[in-house]
Structure formats: structure tokens, C-alpha cells
Protein chains: 2
Amino acid sequence: MRKPAEEADMPTKAAVNQPKTARGEATRRAILAAAEKVIGAKGYNDASIGHITSEAGVAQGTFYIYFTTKEQVFSELVLEMGRLVRHTIAEATQGIGNRLEAEKAGLYAFLDFVQAHPDLYRIVQEALFVDPAAYEEYYTTFAAGYRSGLEAAEAAGQISKGDSETRAWALMGIARSLGEQLVVFKSDKPIPELVASAYDLIENGIKP
Amino acid sequence: MRKPAEEADMPTKAAVNQPKTARGEATRRAILAAAEKVIGAKGYNDASIGHITSEAGVAQGTFYIYFTTKEQVFSELVLEMGRLVRHTIAEATQGIGNRLEAEKAGLYAFLDFVQAHPDLYRIVQEALFVDPAAYEEYYTTFAAGYRSGLEAAEAAGQISKGDSETRAWALMGIARSLGEQLVVFKSDKPIPELVASAYDLIENGIKP
DNA sequence: GTCAAACATGAATACTGATTCATGTTTCAG
DNA sequence: CTGAAACATGAATCAGTATTCATGTTTGAC
């Protein structure tokens, strides 16, 4: 478990195994990409190191030059997914004044991203069983952002008052469920329609 | 799913290994209960047959008297969760005329159930990776019920018009997300509050 | 009571797959 | 150019564990 840092002092996650040359950099990236593909497709347990390295076009031992453990690649992928999603959404909602509109654009961007990266989506789901801490961080970070957006909107009078904590989780649940529609159940409903229907619900509810 | 008669001829899923005596019945049940507990706690892969049988208080070989495969117990647990949840919700919403109120009562019952059976909840989530077919059936069955409820309510003028397919998935997503709050993130927010906040959102939306 | 069918046992089998290691090959600073 | 550090290889190790099986024990119909 604990891993003494090379000479620094990170208590939580020492970033060892960093490549020093361009070649190493490329190899590491290839392995990471292969891991995303293979683990996303076969699941963590059926994805063997052999599968991953052969997909990456390197020998099995090469894996351990850049990663200390099978679990470590997995964790890295979860973190990557988190960073990418947040970045994508932040970019998509950049400069949208009305926060309700921003949320809608965010949902749209999220679904687009999920459709483009189905493997990463499944990996995050599996994290609940492979790396619960990463899973938790992924969702709590996400929820915190959602929540503060809602609170700002509430303060600005752009949405009604309500429990923004529960709202945040509920809205995340909607986004996740629709994402699953696309990636897991392979729905062919176009994203714009999904977003439109969902946002009609979110804005107006279902009261007659 | 379909249940072959004792001596009929199902090609897909022979229901062999049915105990014939009271003792066998009890043992099988003990193993199933142990499997729920152990797999729910450690996850499918880390839950070995040895763990399960020792939790059940029987020898390792006994497992294979009642189950042909580790995967089979797992599948059975997913099916059980589906049956139990549907039954619980049906019972809780029995005789409620207003369908909007019925949905609320259903959410309440669902969250109660989830809190009482955290292991089963995790098992369903893991089914996406261990037994995708069971996972799919669980959610599509659930969604179909949700959807037809919404359509009936719409026809009866009890809710506004809208895409009931997407609505069903969105509402399921909310329920699931709140369930996860309880079971995975161990929120201490009382269920009635969760339900109240969520249903305010579902009924009225967040428009000011 | 008896005995065949059910049930139970736990050691042995058989295989998978993560991780290590001894041995080359490539890179690049000086 | 050159040699030490990086990088790469893939066969060998090593542990875990699903499943089988030969051998008892219990049950219940008669």
C-alpha cells in the first residue's frame, strides 16, 4: 500500500514511475489508452495485464515500469475521467449568464462526452467495487460543483428555493441515468431530445 | 423469468439443484443468504466460495450441490432483488388513487428497502459487470413499470404531458441517486426529508 | 427398522493471471 | 563517441480459488 516517495513527501499518492524520456512518455500513454479500452470493454477482472500490454503493443513486463499495480492504472483512469468531464463541462458552460441555461448546456456536454467515451463511463461505475475511494471522490467532487451552482442560481433568483444538496444529487442522478441510456442500453434517441425532455422536467416538474 | 416445471425441458436455464427435503431447503437458503452478505460486502471477485460457505457454516463442496457456478448465485441474487423491490413498491402504492402520490409513496418505499438491504443494492450495481443481462433486465423491467404509470397518470390528467420514456429514466435516476446517498455515501439525512425535497423538485421543477 | 436417495464433507485438481527478474537494447548528456 | 540511466523483454514464479470427487452421514418412505 503506502509507497515512500522518491525524495519528496506526498503522503497520499506518490507519483513515481514517471517516464523521463519521450519514448517512455509515449509508451506510458499507450498503456494507459490500452487499459482504458480493454478494462472498459471486458471489465476490471477479465482485463488481464497481458491483454492490456498486447493491446498496447509492448511486453508484459513493460507494464510494471510505469505502473506498480493493476489497480493503479484503474485509479488513474478514474481520475482522468473526472478531470476530463469537469473540464468539458466547464468549457461548455463558459460565459453563459443564466445558470439554468448553463445547467442545460452542462447536461448536453456531459452526454456528448459520455457518448464519446463509453469506456471511461463504465470504468467510473466499476470503481465502486475496485476503488471505492476514487468513486466517492468522483461523485462528491461533482456534487459539490453542482450544488454550488444551484446555490448561486438560487441567490441570484434564477431558480426557486429548495434543498440544493438533495437537488444536486437528484440532478446528477438524472444525468447519470440518461448517460447510461446512451452507453449501456444503447438508446438511439438523439441527445438534444433527451436534454429537452429532461430539462422540461427539471424546470417545470410534472404537475399538470 | 419463466420457471420450468419440475420435470419440463427448458433449454436455456435448467432449474436443477432444487433441494428435495427440508434440510436441503434450509441449507440452500443459508448459502444464498451468506452469498448476499459476503458478495455485497467484498464484491463479486473477492468473495470466494470458501468465504461464502464458511459464512453459511457448510463445507465448500456443499455449495455445488445447490449451485452450478459462482455466477449462478449472483444472478439469483439479482433476480431476487428485482422481485423484492417490485413487490415492496407495489405493496406500498396499493390503493393510492392519485398517481403522483403513488409515485411519492413508491420512492419512499424504495429508499426504505434500499436502506434495509444495502448488500442487494450493491449487487445490482455490480451486475453491470458480472451479469449484464440481469442488470439490463432489472432496469428495463423497472423502467417499463415506471413508464406505464406515468402514461396512465398523463391520460388521467394527473400530471402534465411529456416524454414518458425519458421521464421514467430520469425519475429512476433520481431514485437511484438518492438510494446511493444512503447506502454508499452513508448520508444521515432522514428519508422523509429526501423524499420531500425530491418530490418538490419532481412536481414543480426549479423555475422561480 | 431398513435402505436408497439426499445431503454433506474437505482434500485434491487444475488453471488463471498478477508480479518479478535476469537479461538485452536504446537513449542522450557530456 | 561513450557509458550510465532508461527502457524493454518474456519466461518463470507464486498465490489464490473455482470446481470436482471419493467417501461418509442423514433422511424419510415403506
Side-chain angles (χ1 to χ4, degrees), chain A residues 1-4 6-7 14-35 37-39 41-77 123 126 129-131, chain B residues 6-7 14-35 38-39 41-77 126 129-131:
Chain A
M1 277 284 112
R2 349 206 145 96
K3 157 113 27 86
E6 220 65 299
E7 41 190 65
V16 285
N17 309 113
Q18 288 305 333
K20 317 270 184 196
T21 75
R23 178 163 69 133
E25 194 95 9
T27 302
R28 196 190 138 98
R29 244 195 285 283
I31 294 174
L32 208 52
K37 185 169 172 183
V38 175
I39 296 179
K42 309 171 91 89
Y44 182 77
N45 280 281
D46 291 349
S48 71
I49 302 295
H51 289 140
I52 293 171
T53 50
S54 102
E55 169 77 29
V58 300
Q60 208 152 317
T62 305
F63 180 92
Y64 291 91
I65 295 173
Y66 301 104
F67 304 95
T68 57
T69 258
K70 187 180 171 188
E71 226 181 288
Q72 198 206 325
V73 220
F74 185 89
S75 298
E76 209 147 306
L77 288 172
I123 286 169
E126 196 164 13
F129 307 99
V130 177
D131 185 350
Chain B
E6 222 61 303
E7 42 189 74
V16 285
N17 310 117
Q18 288 304 334
K20 317 268 184 199
T21 74
R23 179 163 69 133
E25 194 94 9
T27 303
R28 197 188 136 97
R29 244 197 285 283
I31 293 174
L32 208 52
V38 175
I39 296 180
K42 309 172 90 87
Y44 181 76
N45 280 281
D46 291 350
S48 70
I49 303 295
H51 289 142
I52 292 171
T53 50
S54 102
E55 169 78 29
V58 300
Q60 209 153 315
T62 305
F63 180 91
Y64 290 92
I65 295 174
Y66 300 104
F67 303 94
T68 57
T69 258
K70 186 181 171 186
E71 227 181 287
Q72 197 207 324
V73 221
F74 185 87
S75 298
E76 210 148 306
L77 288 173
E126 195 165 15
F129 306 99
V130 175
D131 185 351

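Each chain gets a letter, A, B and so on, in the order the sequences are listed, and its residues count up from 1. All values below were derived from every heavy atom in this structure, side-chain atoms included, with hydrogens, water molecules and symmetry-related copies excluded.
For A:Y66 (side chain) and A:E25 (main-chain N/O), no donor-acceptor pair under 3.5 Å exists by modelled atom type.
Considering only residues two or more places apart in sequence or on other chains, B:R23 meets the side-chain contact (heavy atoms from CB on, under 4.5 Å) condition with B:T21, B:T27. For B:F129, there are no ring-ring contact (aromatic ring centres under 6.0 Å, His included) partners at least two apart in sequence or on another chain.
Residue pairs satisfying the side chain to side chain donor-acceptor pair (under 3.5 Å) criterion with at least one member in residues 47-63 of chain B, sequence neighbours excluded, are listed as follows: B:K37-B:E55, B:S48-B:H51.
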Reading nucleotides 5-24 of chain C from 5' to 3' and marking B where a protein heavy atom lies under 4.0 Å of the base, S where only the sugar-phosphate is that close, and - otherwise, the string is -SSBBB-------SBB----
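A 4.5 Å side-chain heavy-atom check between A:E126 and A:F74 finds at least one atom pair inside the cut-off.
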